[in-house]
Amino acid sequence: MSALLARSTEAVLGLFRLVVGLLLLCHGAATLFGLFGGGHGATPAVFQWPGWWAAAIQLTGGALLMLGLAARPAALVCSGSMAYAYFTVHQPQALLPLQNGGEPAVLFCWACLLLLVLGPGAYSVDAALATRRVSPPAPEPSGVAAS
């Protein structure tokens, strides 16, 4: 069982990143554009603090996480945004997330923190770009006579 789990680590990490990114993207799209049943209140005005910015971070950060492109910076910003949301919106209402409705913010915060620490995994645009950046060894010069 341990060997099977070890072999599936990269695939599960990729799926985890994809799902977290998709959920963040959907949450941002619901708030900004009223998609998927709409947000949790009125659509914030463009550049309105903090609602519009939070939704823009969720939409953009979610898309970047889904792709695994600039995944660590996206995860950092998304994690911080969710921590801010929890402590400014939810925590003043009650002490525990179960009481104040802040469970999604807490889960997103910690999920993004995990992606920040673990990275996007092998199945990501970041990983594909990293392998392309590794330059192959220089070819032997042609036409040079051996001495």
Rounded distance [0.5 Å steps], CG in Leu64 versus CD1 in Ile57 |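 These two atoms lie 11.5 Å from each other.
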Between atom CG of Leu23 and atom CG of Leu65, what is the distance when rounded to the nearest 0.5 Å?
->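 Leu23 atom CG to Leu65 atom CG measures 11.0 Å (nearest 0.5 Å).
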Which residues share a side chain to side chain contact (heavy atoms under 4.5 Å, CB included) with Ala122, sequence neighbours left out =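 Side chain to side chain contact (heavy atoms under 4.5 Å, CB included) check on Ala122 returns Glu10.
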Are Leu13 and Leu18 in one and the same hydrophobic cluster, where Ile, Leu, Val, Met, Phe, Trp and Tyr link if side-chain heavy atoms are under 4.5 Å apart?
->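 Different clusters: Leu13 never reaches Leu18 through Ile, Leu, Val, Met, Phe, Trp or Tyr contacts under 4.5 Å.
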Hphob cluster co-occupancy, Val46 + Leu35, side-chain heavy atoms under 4.5 angstrom |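 Val46 clusters together with Leu35.
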Please output the side-chain donor-acceptor pairs of residues 67-82 that fall under 3.5 Å, not counting sequence neighbours, one pair per line with the distance.
unit_1, atom_1, unit_2, atom_2, d
Arg72, NE, Leu116, O, 2.7
Arg72, NH2, Val117, O, 2.9
Ser79, OG, Cys109, O, 3.0

State, yes or no, whether a side-chain contact exists between [X] and [Y] at a heavy-atom distance under 4.5 Å.
| X | Y | result |
| --- | --- | --- |
| Val20 | Cys112 | yes |
| Leu25 | Met66 | yes |
| Leu22 | Cys26 | yes |

How would you list all residue pairs meeting ring-ring contact (aromatic ring centres under 6.0 Å, His included) that involve residues 81-121, not counting sequence neighbours?
->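 Non-adjacent pairs meeting ring-ring contact (aromatic ring centres under 6.0 Å, His included): Trp49-Tyr84.
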Applying ring-ring contact (aromatic ring centres under 6.0 Å, His included), which residue pairs with at least one partner in residues 15-36 are found, sequence neighbours left out?
->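 Found His27-His40.
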Which pair of non-hydrogen atoms, one from [X] and one from [Y], has the smallest distance, and what is that distance?
| X | Y | result |
| --- | --- | --- |
| Val106 | Pro97 | CG2-CG, 4.0 Å |
| Asn100 | Gln93 | O-OE1, 3.7 Å |
| Leu24 | Gly62 | CB-CA, 3.9 Å |

Linking Ile, Leu, Val, Met, Phe, Trp and Tyr by side-chain heavy atoms under 4.5 Å, what else ends up with Leu95?
->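 Listed partners: Leu96.
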Apart from Val12 itself, what residues make up its hydrophobic cluster, given side-chain heavy atom links below 4.5 Å?
->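 Under the 4.5 Å side-chain rule, Val12 groups with nothing.
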Any sub-3.5 Å donor-acceptor pair from Trp52's side-chain atoms to Leu32's backbone N or O?
->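 Judged by distance alone, no pair lies under 3.5 Å.
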Counting N and O atoms only, with roles assigned by atom type, does the side chain of Ser124 sit under 3.5 Å from a partner on the main chain of Ala127, one being a donor and the other an acceptor?
->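 Side chain of Ser124 to backbone of Ala127, a donor-acceptor pair under 3.5 Å: yes, one is there.
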